[in-house]
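Predicted model, so just to flag it, every value in this text is computed and none were measured. We use all heavy atoms of the structure for the numbers below, so side chains are in, but hydrogens, waters and symmetry mates are not.
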Amino acid sequence: GRRQRAGIQNASDASVVIWDARVRLPIDTVIDLRDRVRLMSQYGEPVSYVDYEIIAPPSRGPSGLVLELRKVSPGVV
């Protein structure tokens, strides 16, 4: 599953975007924090792909691992 809504933390007079998307993966998925994620379909339908980098260690949710992601500019390695 994917949630493509930005996570926002409100400070006293400013808002800081923490993550651009969250993705849920099976519990036994092996993750390296240097990995990139490319979303190419949603609900079985193709979408314009977007590349993301993992910005925090995965957390364990009730249905799997949850990754917080930030969009990566095209061409960034």
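Side-chain contact between Leu69 and Val23 is present, with at least one heavy-atom pair separated by less than 4.5 Å.
The hydrophobic cluster around Tyr49 extends to Met40, counting ILVMFWY residues whose side-chain heavy atoms fall within less than 4.5 Å of a member. Cluster partners of Ile27: none. The rule joins Ile, Leu, Val, Met, Phe, Trp and Tyr whenever side-chain heavy atoms lie under 4.5 Å apart, and it links nothing here.
Residue pairs that meet the side-chain hydrogen bond (donor to acceptor under 3.5 Å, both in side chains) test with at least one member in residues 54-66, sequence neighbours left out, are Arg24-Ser63. Listed by first and then second residue, the salt bridge (charged side-chain N to carboxylate O under 4.0 Å, His left out) pairs involving residues 47-59 are Arg38-Asp51, Glu53-Arg70 (not counting sequence neighbours).
Closest approach of Val30 to Asp35, counting heavy atoms only: O-OD2, 4.4 Å. Between Lys71 and Asp20 the shortest heavy-atom distance is N-OD2, 2.8 Å.
Every residue meeting the side chain to side chain contact (heavy atoms under 4.5 Å, CB included) condition with Pro57, not counting sequence neighbours, appears here in chain and number order: Leu33. In terms of the salt bridge (charged side-chain N to carboxylate O under 4.0 Å, His left out) criterion, residue partners of Asp32 (sequence neighbours excluded) are, by chain and number, Arg34.
Leu65 and Leu39 fall within a single hydrophobic cluster, where Ile, Leu, Val, Met, Phe, Trp and Tyr side chains are chained together by heavy-atom contacts under 4.5 Å.
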task = Step by step, work out the side-chain contact (heavy atoms from CB on, under 4.5 Å) result for Leu25 and Leu67.
result = CA-CA 8 Å; Leu25 300 172; Leu67 297 178; 3.5 Å; yes
